Amino acid sequence: MAEKKLIQGVKGAREFYPAEMALRNYIYDKARQASELYGFLEWDGPFLETIDLYAAKSGDELVKEQAFVFADRGGDLITLRPELTPTLARMVAQKQNELSYPLRWWSFGPFWRYERPQRGRSREFFQWNVDMVGVNSPEADAELIAVAATFLRLSGLGPDKTSILVNNRKLMDQQFSDLGIEPEKRLAISNAVDRRTKMEPDKWDAYVLEIGLTAQQLSGLKAVLGNYDLWKSSEEMVRLMAALVSLGVSEYVKFDPNIMRGLLYYTGTVFEAFDTSGSVKRAIFGGGRYDNLLKEVGGDPLSGVGFAMGDVVVGLILREAGLVAAEDPAPAKVLVTIFNSETYPAAAASSALLRKAGINTLLSPEATKLQKQFKFADKAKVRFVVVQGPDEIAANVASVKDLQNATQVQVPLADLARHIAQGLDPIL
RNA sequence: GAGGCUGUAGCUCAAAGGCAGAGCGCCACACUGUGGAUGUGGAUGUUGAGGGUUCGAAACCGUCCAGCCUCCCCA
């Protein structure tokens, strides 16, 4: 009590108490299942990279303002990775002629971005990345969307709760061109489209006119953004949509001309997933097709398609939807109590028997009152409690209480593990 | 980087310038070989930090720190 001041953790860094760790592992497990169902290989890169790797995309806010950068003892600038794609590009380029294409890789690991922590955003987060490199077809794009949709399905997020919205950069570029919007204004227009849902209609109109569009172009643009059949005029989109039907995931997918994605490197299909039933407005994941992946790190150009999903937003959604309990996990099935200071050897021997049989077993570390040990068992959510007092030890048996139905029986020690295993799984 | 809200017991929150409280949780007992439920009793605070105003501050003022929300950006 003398020292009460707790040393604070790093702002925006994550703390995973057992309940949060269970959620993180749940997301990791579903990501792994979805990835492996499509035959993707797990990989990872270093968490530390030189700043040069990201500086290839100079001018990018991600690097200049959102990266954690520090000097190592030799004075070199080291970056905590803010994203995976540059690492992917480098690692593929290093073995460009050894790898077999199309490459299907997935990864789940930590990333860092120096930004203001808020709902759905922290400075340290885990991200699932999935990429297919070395192929350029709408069917490959569909495959990636299918991996993502499969994750949603495995996680219990059905198409009634989530949607994957898709669009195509080339299609939109054609529309902009048809409207006579000059190429140099298109980036600003893309950003404006991205921001449209967050602004009031009048203000958005004014904002677009300020960029330099004519009133006619504005109304044309709004017609385009309201045309949900626009995809039918794009051969790529038609093939993509057909592939999604064949792959059995089309119920998740909707065409939406308002999906642009801020990142510059997307060149074709783009997509983002949203929670449509809950309170979280941020994208669950986002991705798309990129060309010239390797050019900037010194390799020969390769096309790819990929997406990334952070753990924070999807974690919020899973909790809100009640799909993952906000409780500590309960790996142990049995608590072996210690009756008094003399009976520890018998209790420890019983716990060893159970563990040898593959049963997750807690052993009390000291002989406190049995009542206290039972209360602990209840909180630990174990099913069985084993008691061996002097009577049981003399008879070479153990008392086993089933907390679920409050029954208790005496079992010969030789049958202890089998008895409990059968109680846990009656099929045995 | 910009704006807003909040910070009181382990947790959720009351107290609006005048004695720091409740519920839940925790501990003990009822029940000295047995959990959940119930009852009775008990412990717990530098009111985020350090200053100022005041006879008197949890409250008012400014500083710092932290958390939450929005913008920016994005997973």
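Quick caveat: nothing in here was measured; it's all calculated off a predicted structure. The analysis underlying the following values was restricted to heavy atoms, covering all of them including side chains, and did not include hydrogens, waters or symmetry mates.
- The nearest whole Å value for the distance from the CG atom in A/Asn191 to the C1' atom in B/C71 is 15 Å.
- Of the C1' atoms belonging to B/G21 and B/A58, the separation is 12 Å, rounded to the nearest Å.
- Ring geometry, A/Phe255 versus A/Tyr228: the interplanar angle exceeds 60°, so the pair is classed perpendicular (tilted spans 30 to 60°).
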What protein N or O atoms touch nucleotides 32-35 of chain B N or O atoms at under 3.5 angstrom, if any, and at what distances?
{"from": "B/G33", "atom 1": "O6", "to": "A/Asp391", "atom 2": "OD2", "distance (Å)": "2.6"}
{"from": "B/G33", "atom 1": "N1", "to": "A/Glu392", "atom 2": "OE1", "distance (Å)": "2.9"}
{"from": "B/G33", "atom 1": "N1", "to": "A/Glu392", "atom 2": "OE2", "distance (Å)": "3.2"}
{"from": "B/G33", "atom 1": "N2", "to": "A/Glu392", "atom 2": "OE2", "distance (Å)": "2.5"}
{"from": "B/U34", "atom 1": "O2", "to": "A/Lys401", "atom 2": "NZ", "distance (Å)": "3.4"}
{"from": "B/U34", "atom 1": "O2", "to": "A/Gln408", "atom 2": "OE1", "distance (Å)": "3.3"}
{"from": "B/U34", "atom 1": "N3", "to": "A/Gln408", "atom 2": "OE1", "distance (Å)": "2.7"}
{"from": "B/U34", "atom 1": "N3", "to": "A/Gln408", "atom 2": "NE2", "distance (Å)": "3.2"}
{"from": "B/U34", "atom 1": "O4", "to": "A/Gln408", "atom 2": "NE2", "distance (Å)": "2.6"}
{"from": "B/G35", "atom 1": "OP1", "to": "A/Gln371", "atom 2": "OE1", "distance (Å)": "3.3"}
{"from": "B/G35", "atom 1": "O2'", "to": "A/Asp378", "atom 2": "OD2", "distance (Å)": "3.4"}
{"from": "B/G35", "atom 1": "N7", "to": "A/Lys401", "atom 2": "NZ", "distance (Å)": "3.1"}
{"from": "B/G35", "atom 1": "N1", "to": "A/Leu403", "atom 2": "O", "distance (Å)": "2.5"}
{"from": "B/G35", "atom 1": "N2", "to": "A/Asp378", "atom 2": "OD1", "distance (Å)": "3.1"}
{"from": "B/G35", "atom 1": "N2", "to": "A/Leu403", "atom 2": "O", "distance (Å)": "3.1"}
{"from": "B/G35", "atom 1": "N3", "to": "A/Asp378", "atom 2": "OD1", "distance (Å)": "3.3"}

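- Distance alone, capped at 3.5 Å, is enough to place a donor-acceptor pair between the A/Thr162 side chain and the A/Gly158 backbone.
- Judged by distance alone, with hydrogens and angles left aside, A/Glu115 brings a side-chain donor or acceptor within reach of the base of B/A75, the pair sitting under 3.5 Å.
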Could you pull out every donor-acceptor pair under 3.5 Å between side chains of residues 306-316 of chain A and any protein atom, sequence neighbours left out?
{"from": "A/Asp311", "atom 1": "OD1", "to": "A/Arg14", "atom 2": "NH1", "distance (Å)": "3.3"}
{"from": "A/Asp311", "atom 1": "OD1", "to": "A/Phe126", "atom 2": "N", "distance (Å)": "2.8"}
{"from": "A/Asp311", "atom 1": "OD2", "to": "A/Arg14", "atom 2": "NH1", "distance (Å)": "3.2"}
{"from": "A/Asp311", "atom 1": "OD2", "to": "A/Arg14", "atom 2": "NH2", "distance (Å)": "2.8"}

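- Side chains of A/Ile420 and A/Leu354 form a contact here, defined as non-hydrogen atoms less than 4.5 Å apart.
- Between the side chain of A/Thr269 and the backbone N or O of A/Asn168 there is no donor-acceptor pair closer than 3.5 Å.
- One C1' atom belongs to B/C60, the other to B/C27, and the distance between them is 40 Å to the nearest Å.
- In this structure, the CZ atom of A/Arg81 is 17 Å from the C1' atom of B/C74, given to the nearest Å.
- Spacing between B/G10 and B/U44 at atom P, rounded to whole Å, works out to 11 Å.
- The gap from the P atom of B/A16 to that of B/U6 amounts to 16 Å, rounded to the nearest Å.
- In this structure, A/Tyr114 and A/Ala283 both approach RNA chain B, and ranking their closest nucleotides by distance from the 5' end singles out A/Tyr114.
- We find that NZ of A/Lys203 is positioned 12 Å from C1' of B/C71, with the value rounded to whole Å.
- Checking side-chain atoms of A/Ser107 against main-chain N and O of A/Trp43 turns up a donor-acceptor pair under 3.5 Å.
- Separating the P atom of B/U47 from that of B/C19 is a span of 15 Å, rounded to the nearest Å.
- Atoms CG (A/Asp194) and P (B/A75) sit 10 Å apart, rounded to a whole Å.
- Contacts of A/Tyr207 classified as ring pair (Phe, Tyr, Trp, His ring centres under 6.0 Å), with partners at least two apart in sequence or in another chain: none.
- Applying the ring pair (Phe, Tyr, Trp, His ring centres under 6.0 Å) test to A/Phe47 and every residue at least two apart in sequence or in another chain returns nothing.
- No salt bridge links A/Lys333 with A/Asp425; every basic N to acidic carboxylate O contact stays at or beyond 4.0 Å.
- In this structure, the side chain of A/Gln127 does not engage the main chain of A/Glu83 through any donor-acceptor pair within 3.5 Å.
- The nearest whole Å value for the distance from the CZ atom in A/Phe151 to the C1' atom in B/A75 is 12 Å.
- Residue-level contact check: A/Ala308 touches the backbone only, with heavy atoms under 4.0 Å from sugar-phosphate atoms and none from bases.
- With both ends at atom C1', the span from B/G35 to B/A22 equals 28 Å, rounded to whole Å.
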For this session: Treat primed atoms plus P, OP1 and OP2 as sugar-phosphate and everything else as base, then score nucleotides 64-70 of chain B 5' to 3': B for base contact with protein heavy atoms under 4.0 Å, S for sugar-phosphate contact only, - for none.
Result: -SSS-SB
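- Between B/G56 and B/C73, the distance separating the two C1' atoms is 49 Å to the nearest Å.
- No side-chain donor-acceptor contact under 3.5 Å links A/Arg81 to the backbone of A/Leu48.
- Atom-to-atom, CD of A/Glu124 to P of B/A75 comes out at 18 Å; the value is rounded to the nearest Å.
- Taking a centre distance below 5.5 Å and an interplanar angle below 30 degrees as the stacking criterion, A/Phe111 does not stack against the six-membered base ring of B/A75.
- Stem regions for RNA chain B, each three or more consecutive Watson-Crick or G-U pairs with both distances under 3.5 Å and listed by first number, read B:1-7 with B:65-71, B:10-13 with B:21-24, B:26-30 with B:38-42.
- Going from the C1' atom of B/A14 to that of B/C72 covers 38 Å, rounded to whole Å.
- Contact annotation: side chain of A/Arg121 to base of B/C74, donor-acceptor pair present below 3.5 Å.
- B/A75 atom C1' lies 12 Å from atom CZ of A/Phe274, rounded to whole Å.
- At the heavy-atom level, A/Arg195 lies under 4.0 Å from the strands shown only through sugar-phosphate atoms.
- Atoms CD (A/Glu83) and C1' (B/A75) sit 10 Å apart, rounded to a whole Å.
- Between the side chain of A/Arg169 and the backbone N or O of A/Arg289 there is no donor-acceptor pair closer than 3.5 Å.
- Side-chain N or O atoms of A/Arg383 include none that pairs as donor or acceptor with a backbone N or O of A/Asp402 at under 3.5 Å.
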